[in-house]
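In what follows, a single structure is set out as structure tokens and then discussed.
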Amino acid sequence: MKKIIFVVICFCFLFLYLKVGIYIPCLFRKLTGFYCPGCGITRMFLSILQLDFYQAFRYNPLVFILFVGVILLKILRFNFSKKSKKYVSYFLLVIVIFYGVLRNIEMFSYLQPTIIH
């Protein structure tokens, strides 16, 4: 039941964005002025729905990289012990934090959500 409610809410947000132009703002960005590691994810998913994968990648490349990593782990069928899963989780957390810091440094501005048209 929770999944159905989640899907309905997502479609409502999609409708509001496509028809009215209302979207979910990033509260972290609004409060601090910095990009969080998740900035651009909503626009990324909307671009994927329009089959514009390059634009989706430009909005948030981290999600694509993590997605490919998870798929590779599933394909290779890694059976991690509980301790190994903990280390993998910490490693992914470090990557996300590092990405969040890098995308706010001028030299790495290409990591910020970018509109390509």
Side-chain angles (χ1 to χ4, degrees):
M1 184 65 174
K2 290 180 183 179
K3 291 179 183 179
I4 293 172
I5 293 171
F6 177 74
V7 169
V8 169
I9 290 172
C10 287
F11 276 111
C12 288
F13 280 120
L14 176 64
F15 176 79
L16 285 173
Y17 178 76
L18 294 176
K19 297 296 181 188
V20 186
I22 298 173
Y23 64 94
I24 305 168
C26 177
L27 294 177
F28 183 82
R29 175 117 171 103
K30 291 269 187 203
L31 294 174
T32 65
F34 295 112
Y35 290 105
C36 74
C39 278
I41 286 180
T42 303
R43 292 173 284 170
M44 180 198 74
F45 282 119
L46 292 171
S47 293
I48 289 172
L49 287 174
Q50 297 171 352
L51 302 177
D52 189 356
F53 295 103
Y54 180 68
Q55 179 62 68
F57 183 81
R58 293 300 299 146
Y59 279 133
N60 197 317
L62 177 67
V63 175
F64 281 89
I65 293 165
L66 292 177
F67 181 73
V68 169
V70 168
I71 294 298
L72 285 175
L73 289 174
K74 294 292 183 185
I75 289 173
L76 299 175
R77 296 184 183 262
F78 280 109
N79 292 322
F80 292 112
S81 66
K82 267 191 165 181
K83 190 173 183 178
S84 296
K85 285 182 183 179
K86 187 168 110 175
Y87 289 127
V88 169
S89 298
Y90 288 148
F91 179 71
L92 292 176
L93 180 62
V94 167
I95 288 174
V96 169
I97 291 170
F98 188 65
Y99 174 77
V101 171
L102 282 181
R103 77 188 320 202
N104 288 292
I105 297 173
E106 186 63 35
M107 187 168 72
F108 298 100
S109 63
Y110 58 87
L111 294 175
Q112 296 172 356
T114 309
I115 298 174
I116 306 293
H117 285 287

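Heavy atoms only: backbone and side chains are in, while hydrogens, waters and symmetry mates are out. Note that the numbering runs from 1 along the sequence shown for the chain.
Summarising the geometry of Tyr59 relative to Ser47, their closest heavy-atom pair is CE1-OG, 3.3 Å, with the distance given to 0.1 Å. Closest heavy-atom contact between Pro37 and Gly100: CG-CA, 3.8 Å. Looking at every heavy atom in both residues, Arg43 comes nearest to Pro113 through NH2-CB, 3.5 Å.
Taking the side-chain hydrogen bond (donor to acceptor under 3.5 Å, both in side chains) definition, one finds that Thr114 meets it with Arg58, sequence neighbours left out. Scanning for ring pair (Phe, Tyr, Trp, His ring centres under 6.0 Å) contacts around Phe53 gives an empty result, with sequence neighbours left out.
The 12-atom threshold is exceeded at CZ of Phe64, counting heavy atoms of other residues, nucleotides or ligands nearer than 6.0 Å.
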Trace of the side-chain contact (heavy atoms from CB on, under 4.5 Å) decision for Val63 with Phe57
CA-CA 8 Å; Val63 175; Phe57 183 81; over 6 Å; no
Run the numbers on Asn60 and Tyr99 for side-chain contact (heavy atoms from CB on, under 4.5 Å), then give the verdict.
CA-CA 10 Å; Asn60 197 317; Tyr99 174 77; 3.6 Å; yes
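Here Asn104 contributes atom CG and Thr32 contributes atom OG1; the two are 7.5 Å apart, rounded to the nearest 0.5 Å. To the nearest 0.5 Å, atoms CG (Asp52) and CG (Leu46) are separated by 11.5 Å.
Hydrophobic clustering (side-chain heavy atoms under 4.5 Å, transitive across Ile, Leu, Val, Met, Phe, Trp, Tyr) keeps Met107 apart from Tyr35. There is no path of hydrophobic side-chain contacts, each under 4.5 Å, that joins Tyr110 to Ile65. Placement of Leu92 and Phe98 within a single hydrophobic cluster is found when ILVMFWY residues are connected by side-chain heavy-atom separations under 4.5 Å, directly or transitively. By the criterion of side-chain heavy atoms lying less than 4.5 angstrom apart, applied directly or through intervening Ile, Leu, Val, Met, Phe, Trp or Tyr residues, Tyr87 is not grouped with Ile95; the two fall into different hydrophobic clusters. Connection of Val70 to Val96 is not established within any shared hydrophobic cluster, with ILVMFWY side chains joined at heavy-atom distances below 4.5 Å, either directly or through further cluster members.
A cation-pi contact, defined as under 6.0 Å to the ring centre and within 45° of the axis, is absent between Arg103 and Phe108.
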